[in-house]
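None of these values were measured; they are calculated from a predicted model. We name chains A, B, ... by the order of the sequence lines, and we start the count at 1 in each one.
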Protein chains: 2
Amino acid sequence: MGNNRSDKPLTTPVQYLLQVLGSKWKLPILCTLSKKDVLRFNELKRELAGITNMSLSNCLQELEHYKIIKRVQYLEMPPRVEYSLTDNGKSLLPILKNLDEWVNKQLEINCEKAQETEPGDS
Amino acid sequence: MGNNRSDKPLTTPVQYLLQVLGSKWKLPILCTLSKKDVLRFNELKRELAGITNMSLSNCLQELEHYKIIKRVQYLEMPPRVEYSLTDNGKSLLPILKNLDEWVNKQLEINCEKAQETEPGDS
DNA sequence: CTGTATCCACCCTGATACTG
DNA sequence: CAGTATCAGGGTGGATACAG
């Protein structure tokens, strides 16, 4: 957050980040891809139980546009398309991990607070 | 800005993070607070040109709920309320900074390869 | 299999007005 | 000053149907 411009909040890098992967399925997709290395469209759909073709397609397109994932299409019958993380996508993973750790800490704190509201047992 | 954020089942910690500060004004608020140490409601509103009472109030409440900011109310006339980052809030800053660096790198990449093909650019 | 098009519902956001 | 109530508009995600 080196440059915070109060007059143009949407142009800050952090806001850009939220824009890039701030929708519901972006992170789950990246997490899934990070574990499976390469996945086809329907394999992703199966892993991300609940996602629709529309959402998956949109997310993949945006992620591809931002060079976070790579799309390889084979002109065969039946069609085959494989998705995988780019190096940029992989470079995001450690950061996601830090976020993950921070959030886990927050979750603990909130849990503790929730328990403190309980009248003292014993 | 739903106050039901805290009720939503969160599948992953990262989703929780987006939930916690994934809305438009959360980061600008945190950035502003990180620089001013302590700010009153209207001071924040002034810094975050364009935000409404509603959005600011909701964001502050959520941020406070997650123990990221601290709210101190003085029962005076006129009323005075001061907001500041908690230690948790401050611990988030370095991570945001990493995100910032990563995104800046991504921005460079995208600028080099595709300047005018933003999917949601319109 | 791999998507796209369309409609629909919900949430976020902001504007305005009002209260303590 | 510091919010809250209410309403409206826009964007996003989901369901279904259809196409290459």
Side-chain angles (χ1 to χ4, degrees), chain A residues 6-10 15-16 18-29 32-33 38-65 69-84, chain B residues 1-11 15 18-29 32-33 38-65 69-84 118-122:
Chain A
S6 300
D7 54 332
K8 300 179 68 177
L10 285 175
Q15 284 292 348
Y16 177 89
L18 273 328
Q19 178 181 323
V20 168
L21 40 76
S23 65
K24 178 177 179 179
W25 293 101
K26 299 280 179 59
L27 276 326
I29 288 173
T32 303
L33 278 175
V38 173
L39 282 173
R40 299 176 61 177
F41 188 87
N42 268 10
E43 288 174 333
L44 272 168
K45 189 178 173 184
R46 195 156 38 236
E47 294 285 335
L48 304 164
I51 195 171
T52 61
N53 289 349
M54 189 67 171
S55 297
L56 180 54
S57 180
N58 284 337
C59 286
L60 289 172
Q61 282 181 19
E62 291 182 36
L63 256 16
E64 184 197 7
H65 170 81
I69 67 172
K70 185 171 49 183
R71 179 183 186 275
V72 179
Q73 179 172 6
Y74 300 90
L75 295 178
E76 308 170 348
M77 267 318 269
R80 183 161 59 103
V81 181
E82 289 183 349
Y83 294 94
S84 59
Chain B
M1 196 170 316
N3 39 9
N4 59 341
R5 286 183 180 276
S6 53
D7 316 351
K8 283 185 179 176
L10 300 172
T11 55
Q15 284 291 349
L18 272 327
Q19 203 88 14
V20 168
L21 41 75
S23 66
K24 180 178 178 179
W25 292 101
K26 298 280 179 59
L27 276 327
I29 287 172
T32 303
L33 278 176
V38 173
L39 282 173
R40 300 176 61 177
F41 188 89
N42 270 8
E43 288 174 333
L44 272 167
K45 189 177 174 184
R46 197 156 37 237
E47 293 286 333
L48 304 163
I51 195 172
T52 62
N53 288 349
M54 187 67 171
S55 298
L56 181 54
S57 179
N58 283 335
C59 286
L60 290 173
Q61 282 181 20
E62 292 181 33
L63 257 17
E64 186 197 5
H65 171 80
I69 67 171
K70 184 172 48 184
R71 179 182 185 275
V72 179
Q73 180 172 6
Y74 300 89
L75 295 178
E76 306 171 351
M77 268 315 273
R80 183 160 61 101
V81 179
E82 290 183 347
Y83 295 93
S84 58
E118 304 281 336
D121 197 23
S122 69

Practice task
Take the protein atom OH of Tyr74(A) and the nucleotide atom P of dT2(C), then report the distance between them rounded to whole Å.
Solution key: 12 Å
Completion exercise
Residue set satisfying side chain to side chain donor-acceptor pair (under 3.5 Å) with Ser84(A), at least two apart, ordered chain then number -> none
Problem - Counterpart residues, side chain to side chain donor-acceptor pair (under 3.5 Å), relative to Arg80(B) (two or more places apart) - result: Glu76(B), Glu82(B)
Exercise for the section: Please check the phosphate of dT2(C) (OP1 and OP2 only) for any side-chain N or O of Arg40(A) closer than 4.0 Å. Expected result: yes
Problem - Trp25(B) side chain reached by Asn58(B) side chain, heavy atoms, under 4.5 Å - result: no
Completion exercise
Between CD of Glu64(B) and P of dA2(D) the distance, given in whole Å, is 15 Å
Handout entry: Spacing of Asn58(A) atom CG relative to dG3(C) atom P, expressed in whole Å
Key = 12 Å
Practice task
State, with a plain yes or no, whether a side-chain heavy atom of Val38(B) is found less than 4.5 Å away from one of Val72(B).
Solution key: no
Problem - Side-chain N,O (Tyr83(A)) to OP1/OP2 (dG3(C)) below 4.0 Å - result: yes
Problem - Side-chain N or O of Gln61(B) closer than 4.0 Å to phosphate OP1/OP2 of dG3(D) - result: no
Handout entry: Leu21(A) CG - dT12(D) C1' separation (whole Å)
Key = 16 Å
Handout entry: Nucleotide-resolved protein contact map, nucleotides 14-20 of chain D, B/S/- at heavy-atom distance under 4.0 Å
Key = SS----B
Exercise for the section: Measure from the side-chain heavy atoms of Ser23(A) and tell me the nearest of dC1(D), dG13(D), dC1(C). Expected result: dG13(D)
Practice task
With rounding to the nearest 0.5 Å, note down the distance linking CG in Leu39(A) to CZ in Arg46(A).
Solution key: 9.5 Å
Exercise for the section: Provide, to the nearest angstrom, the distance between the CD atom belonging to Glu76(B) and the P atom belonging to dG3(D). Expected result: 13 Å
Problem - Value in whole Å for how far the P atom of dC1(C) lies from CG of Leu39(A) - result: 14 Å
Completion exercise
The side chain to side chain donor-acceptor pair (under 3.5 Å) partners of Lys45(B) (sequence neighbours excluded) come to Asn53(B)
Exercise for the section: Return the set of residues passing side chain to side chain contact (heavy atoms under 4.5 Å, CB included) with Lys26(A) (not counting sequence neighbours), or none when no residue passes. Expected result: Leu21(A), Ser23(A), Cys59(A), Glu62(A), Leu63(A)
Exercise for the section: Taking side chain to side chain contact (heavy atoms under 4.5 Å, CB included) as the test, write out the residues that go with Arg71(A), two or more places apart. Expected result: Glu64(A), Gln73(A), Val81(A), Tyr83(A)
Exercise for the section: Might you point out which heavy atoms bring Phe41(B) and Leu56(B) nearest each other, and give the distance in Å? Expected result: O-CD2, 3.6 Å
Practice task
Figure out the CG/P separation between Leu48(B) and dA2(D), and round it to whole Å.
Solution key: 14 Å
Practice task
Report the end-to-end axis angle of the helix from dC1(C)-dG20(D) to dG20(C)-dC1(D); each axis comes from five terminal pairs, and the value is rounded to 10°.
Solution key: 40°
Exercise for the section: Kindly say if Arg71(B) contacts the phosphate of dG3(D), meaning a side-chain N or O under 4.0 Å from OP1 or OP2. Expected result: yes
Practice task
Would you kindly give the NZ-to-C1' distance between Lys45(A) and dT2(C), to the nearest whole Å?
Solution key: 10 Å
